[in-house]
Amino acid sequence: MEYFLIIIAAIFVNNIVLAKFLGVCPFLGVSSKISTAVGMTGAVAFVMVLATIVTYLLQKYVLETLGITYMQTITFILVIASLVQLVEIMLKKVSPSLYQALGIFLPLITTNCAVLGVAIMAAMNKDFGLMESTVFAFANAVGFGIAIILFSGMREHLDLVKVPEGMKGVPISLVVAGLLALAFMGFAGIA
Amino acid sequence: MSKLKIFTKGFLKENPVFVLLLGMCPVLGVTTSAENGLGMGLATTFVLLMSNIVVSLIKSFIPDKVRIPSYIVIIASFVTIVELTMQAFLPELFDSLGIFIPLIVVNCVILGRAEAFASKNSVLDSILDGLGMGLGFALALTILGALREILGSGAIFGINVYSGDGALVFVLAPGAFIVLGYLIALSNKLNKKLYNK
C-alpha cells in the first residue's frame, strides 16, 4: 500500500516535470517527435533508478557516517556523470541494439536535473529506505515518460494548426505545456 | 567583439532564458514571486561569474578529454559555497528555493558559458561575459517572478499592488509555463525589431 501511494504521488500528483519543474530541458528539447520522446524516457528511467540506488547508499553509508553531508552536491553530480559514462560503455558492449536506441540521449542525461533532483529528494527523505527510494525513482521516471510522451503527441498536432506568427515555435509549446500542467493539477486531491 | 558588447549581449540579444532557452528548470520552478526569482538569479550569477573566472584561468592546464568533468567539479564547488552561505545568512530564501539551489550545478547556462566562452577567452572577457549572462538570467527570472506575483497574488516584492486575490493559477505550475510562453513571444518580437531591420 505504501509503495502504491509513492507511485501514484510521484506519477500524477507531484509529476516531476509538470508540478516540480525538474527535467524541463529535455521536456522541451526532445519532445518534437513521439519516437525520440520514448527513447529519452528509456534512457532517463535506466539512469535515474541506477543513480538513485548508488547515491542513496553513498549518502547513508559514506557521507552521513563521516559527517560530511555538505559534500552531497559535488559527490552526487560526479557519481551521476561517471555512472552515465559507465552505462554508455557497458551498453555499447553488451547490447548494441539498445545502445543504438538510447545512445544519443545518454550524454544529455548528465545535465538532466531530474536525475540529480530525484537522487537528492530520495536521499533527503528520512522515511525512505533503499526499497522506497528505488520505487520512488522508478515512479518518477514513469511520470517523466508520461508527461514527455503526452506533450510530444500534442506538439506533433501543433504542426498542423494555424498559429499566430509571433507565437510560433517555443511560445505556443510552452502555453500547451501550461494547459497540460493544468490538467495534471486535477490529480491534486488524490493523495 | 567590443567589451561593451560582450557584457550587454546577455540582456536581450542572447538572453539565456528568452533566446537561448537554457536553464529552464529553475526559471519555471522558483519564480513564484519576484523576490525568489531575484534571489535565484543572483545566486546563479555568482556561480556563473566565479566558474567563468576559474575556468578561464586554468584553461591551459586542463587536458581536453577531461574538461567537462573538471568544469562540473569547479561549478559544484561554488554551488556548495552558495548553498552553505545562503543557509547561514538567508535561511528563509534558502527554504523557499529548496532543491533548486543544489540543482544550480546542472543549470546548462553555467556549463554552456564555461565551454563556449570561458575556455576560449581571456579572464577579463570571461568576467564580463559571466556578469552579463548572469544578470540577463537574473533579469529574466525577476521579470517572470514579478509578473506571476502581480497576476497571481496582486503584489510585487511582497507589497500589495491591488486589492483582491488575483488568479491563483499564475502562482501554481501551469501559470509558469503560460507566462513564460508569452514573455518569449514578446522578446522574439523585440529582438526582431532591434536587430534584423
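Labels below follow one simple rule: chain letters A, B, ... track the order of the sequence lines, proteins then strands, and each chain is numbered from 1.
- The parts of A:Ala177 that come within reach of chain B are both its backbone and its side chain, each placing non-hydrogen atoms under 4.5 angstrom from that chain.
- For a residue to count as touching a neighbouring chain, one of its non-hydrogen atoms must lie under 4.5 Å from one of that chain's; by this rule B:Ile99 touches chain A with the side chain only.
- Proximity to chain B is absent for every atom of A:Ile80, based on heavy atoms less than 4.5 angstrom apart.
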(request) Start with the C-alpha distance between B:Val106 and A:Val115, add both sets of side-chain angles, then the distance that settles side-chain contact (heavy atoms from CB on, under 4.5 Å), and finish with yes or no. (result) CA-CA 10 Å; B:Val106 281; A:Val115 176; over 6 Å; no
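- Looking at A:Met124, neither its backbone nor its side chain comes within 4.5 Å of chain B, counting heavy atoms on both sides.
- Contacts between A:Val170 and chain B at a heavy-atom distance below 4.5 Å involve the side chain alone, from C-beta outward.
- What you find for B:Pro102 and A:Ile120 is that their closest heavy atoms are CB-CD1, 3.7 Å.
- With a 4.5 Å cut-off on non-hydrogen atoms, B:Leu28 touches chain A through its backbone and its side chain both.
- Taking each heavy atom of A:Cys25 and B:Cys25 in turn, the nearest pair found is N-SG, 4.2 Å.
- When each of A:Ala114, A:Ser82, A:Gly117, A:Ala19 is checked for heavy-atom pairs under 4.5 Å with chain B, A:Gly117 comes out on top.
- Closest of all the heavy-atom pairs between B:Phe100 and A:Lys20 is CZ-O, 3.4 Å.
- Note that the CG atom of B:Leu103 and the CG atom of A:Leu22 stand 6.0 Å from one another [nearest 0.5 Å].
- The environment of B:Lys120 atom NZ is dense: over 12 non-hydrogen atoms of other residues, nucleotides or ligands sit within 6.0 angstrom.
- The contact between A:Leu78 and chain B is made entirely by side chain atoms (from C-beta outward), counting heavy-atom distances below 4.5 Å.
- Heavy-atom minimum distance, B:Phe177 versus A:Val17: CZ-O, 4.3 Å.
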(request) Assess whether side-chain contact (heavy atoms from CB on, under 4.5 Å) is satisfied between B:Val30 and A:Phe21, documenting all intermediate values. (result) CA-CA 9 Å; B:Val30 304; A:Phe21 298 118; over 6 Å; no
